[in-house]
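Labels below follow one simple rule: chain letters A, B, ... track the order of the sequence lines, proteins then strands, and each chain is numbered from 1.
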Amino acid sequence: GESVGLHLPTLSVQEGDNSIINCAYSNSASDYFIWYKQESGKGPQFIIDIRSNMDKRQGQRVTVLLNKTVKHLSLQIAATQPGDSAVYFCAENTGTASKLTFGTGTRLQVTL
Amino acid sequence: EAGVVQSPRYKIIEKKQPVAFWCNPISGHNTLYWYRQNLGQGPELLIRYENEEAVDDSQLPKDRFSAERLKGVDSTLKIQPAELGDSAVYLCASSPRTSGTGTQYFGPGTRLLVL
C-alpha cells in the first residue's frame with residue numbers, strides 16, 4: 001500500500017547547528033504535505049506545509065523542500081534550539097479528501 | 001482562539017470495560033477527525049466527519065468502536081468493550097475546510113491504558 005516513511009528514527013544535533021529531517025513518500029499522486037512537531041504528552045503541532053506545485057517553502061527558521069522526482073520531502077531547521085527537541089512527522093494528502101497519511105516520525109534531540 | 005479541546009487527558013480501565021472520549025473542535029471548523037496513535041508511530045485515522053456526517057469511517061473497528069457528532073460540533077468516540085490492544089493515544093483534530101486539502105489542528109489527546 002501507499003506509505004510515508006522516514007529514513008532516520010533519531011537525529012541528534014548540537015544547539016545552534018542546522019537540522020535536516022528527511023521523509024520519503026511513495027504515492028506520486030499526493031499533492032499536499034505537512035510537517036508536524038510533537039512534544040512529549042502533546043498533540044502534533046503544525047509547522048509548515050507545501051503543495052505539490054512548489055519545491056520549496058520557508059517559514060520562521062524552517063524550510064521544507066519537496067523533490068517530486070524522487071518523492072522526497074525534507075524539513076530544515078536553522079540554528080536548532082533545545083525547544084526544537086521533539087518527534088517530527090511528515091504527512092501527505094492524496095486527492096480531494098482531507099485525509100492525511102503520517103509516517104512513523106523522527107526524534108530530534110538537541111544537545112547543549 | 002481556543003484550540004481543540006479533549007477530555008479526559010488520561011484514562012485507565014480494565015479490559016472489557018467501556019470508555020468514551022470527548023472532543024470539541026476549533027470554533028467554525030466543519031471537519032473533525034479522530035486518530036489513534038500507538039507508541040512511536042504516527043497517528044492513524046479512525047473516522048472523519050464533515051459537519052455531522054461521517055464521510056470516512058473505513059478504518060474504524062466497528063465491532064467495538066463507535067463515534068458520533070450529532071450537532072456537527074463536538075464529538076464522542078466510544079470503545080465497548082475495550083481490549084488490551086486499544087491502549088494508545090486518541091487524538092482529535094479539526095480543519096476549517098470541508099473538502100480539499102486543509103491543515104489539521106490537533107488536540108492534546110487522551111492517553112488510554114487498558115489493563
[X], [atom1] atom: more than 12 neighbouring heavy atoms under 6.0 Å:
| X | atom1 | result |
| --- | --- | --- |
| B:K62 | NZ | yes |
| B:L39 | CG | no |
| B:K11 | NZ | no |

*Using non-hydrogen atoms only, which part of B:Q37 is less than 4.5 Å away from chain A: side chain, backbone, both, or neither?*
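Side chain only.
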*With a 4.5 angstrom heavy-atom cut-off, which part of B:D56 approaches chain A: side chain, backbone, both or neither?*
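Only the side chain of B:D56 comes within 4.5 Å of chain A.
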*Before giving the answer on side-chain hydrogen bond (donor to acceptor under 3.5 Å, both in side chains), spell out for B:S94 and B:Y49 the whole-Å C-alpha distance, their side-chain angles and the decisive distance to 0.1 Å.*
CA-CA 9 Å; B:S94 69; B:Y49 282 92; over 6 Å; no
*Specify which of B:G42, B:A93, B:C92, B:G109 makes the most heavy-atom pairs with chain A at under 4.5 Å.*
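Top option by heavy-atom pairs under 4.5 Å: B:G42.
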*chain A: which of B:G40, B:P43, B:P108 shares the most heavy-atom pairs with it under 4.5 Å?*
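Heavy-atom pairs under 4.5 Å are most numerous for B:P43.
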_Portion of A:Q45 that has a non-hydrogen atom of chain B nearer than 4.5 angstrom_ =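 Nothing of A:Q45, per the 4.5 Å heavy-atom cut-off to chain B.
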_hydrophobic_cluster_shared for A:L65 and A:I21, side chain cutoff 4.5 Å_ =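 No, because A:I21 and A:L65 fall into different hydrophobic clusters, even though each may have its own neighbours under 4.5 Å.
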